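Below: the structure, in structure tokens.
Not measured: the values here are computed from a predicted model.
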Amino acid sequence: MKASLRGLFKVYGEVLDVVAHSNLRMRGQAFVSFASVESAKNAMKEVQRFPLYSKPMQISFARTRSDAVVKKLDAEHFDEHKTRREEHKKTTRYTNPLKSKFRAKRLAAEIDGGAAAPGPKRPAVQMPDEYLPPNKILFLQNLPETVTKEQLIALFSQYPNLHEVRLIPTKRDIAFVEFLDEGSSGVAKDALHNYKLDGENKIKITFARK
């Protein structure tokens with residue numbers, strides 16, 4: 001995961017650190033620290049909703065600066081920053097709702113005279129792309145790697161209410177096309193699905209995952 005994120009984001013500027021969490025509370029979350037705010041802004045704009053491991057990423061700025069950023073850009077206050085971070089961790093360690101729920105279950109099991117066996121987990125079933133509900137954003141796959149934004153704008157502007165075309169610099173065979181309403185995106189999807197942009201490969205078009 002860390003290697004994938006570093007490879008994806010390094011094209012936008014110097015990446016100082018990547019932290020990927022695996023604990024229950026923060027599973028599926030990661031932090032990418034850039035050397036400059038401008039790099040972070042560009043990365044967030046371009047990679048927002050990029051489907052990493054088949055799930056579109058939701059990207060926002062972190063509430064506080066990371067250790068790596070402070071160490072590089074404000075080294076003289078790093079110890080003070082680290083101390084504040086540790087104090088915050090201590091004060092929130094037992095106020096976390098998930099941990100409180102877990103402790104309550106464990107206490108109830110102890111009172112009943114034994115630990116309760118966890119129930120079987122249901123496997124996560126992901127809906128195939130072809131059956132995703134309609135929305136304003138189309139997800140394009142199997143594009144020629146030489147495709148340009150101008151080509152896609154020319155292709156999709158044949159249909160009303162085109163809002164934006166977004167290419168992913170590090171993944172040239174996919175793109176997102178956004179319309180102003182679901183009806184317009186549906187018309188374009190039906191008309192251009194399996195269209196051969198280069199005369200050879202068929203473009204796969206589905207609604208984007210939310």
Next item on the list: Give a yes or no on whether the backbone of Leu155 and the side-chain of Gln158 come within a donor-acceptor separation of less than 3.5 Å.
Entry: yes

Notebook entry, point to check: Are Phe139 and Phe176 close enough that their ring centers fall under 6.0 Å?
Noted result: yes

Next item on the list: Would you name the heavy atoms of Leu167 and Thr148 that are closest together and state the gap between them?
Entry: CD2-C, 4.2 Å

Notebook entry, point to check: side-chain contact (heavy atoms from CB on, under 4.5 Å) between Ile168 and Val47: does it pass, once the steps are laid out?
Noted result: CA-CA 7 Å; Ile168 307 300; Val47 189; 5.5 Å; no

Margin query: Do Asn142 and Asn201 pair up side chain to side chain, a donor and an acceptor below 3.5 Å, judged on atom types alone?
Written below: no

Margin query: Between Ser185 (side chain only) and Ile137 (backbone N and O only), is there a donor and an acceptor less than 3.5 Å apart?
Written below: no

Next item on the list: Please report the shortest heavy-atom distance between Ala175 and Leu152, naming the atom on each side.
Entry: CB-CD1, 3.9 Å

Note to self: Under 4.5 Å between side-chain heavy atoms, counting indirect links through other Ile/Leu/Val/Met/Phe/Trp/Tyr residues: same cluster for Val37 and Val15 or not?
What the structure shows: no

Notebook entry, point to check: If you take all heavy atoms of Leu192 and Tyr159, which pair is closest and at what distance?
Noted result: CD1-CE1, 3.7 Å

Margin query: According to side-chain contact (heavy atoms from CB on, under 4.5 Å), who are the partners of Lys202, at least two apart in sequence or on a separate chain?
Written below: Asn194, Lys196

Margin query: Quick check for you: to the nearest 0.5 Å, what is the distance between Tyr12 atom OH and Lys45 atom NZ?
Written below: 11.0 Å

Next item on the list: Might you point out which heavy atoms bring Phe34 and Phe9 nearest each other, and give the distance in Å?
Entry: CE2-O, 3.5 Å

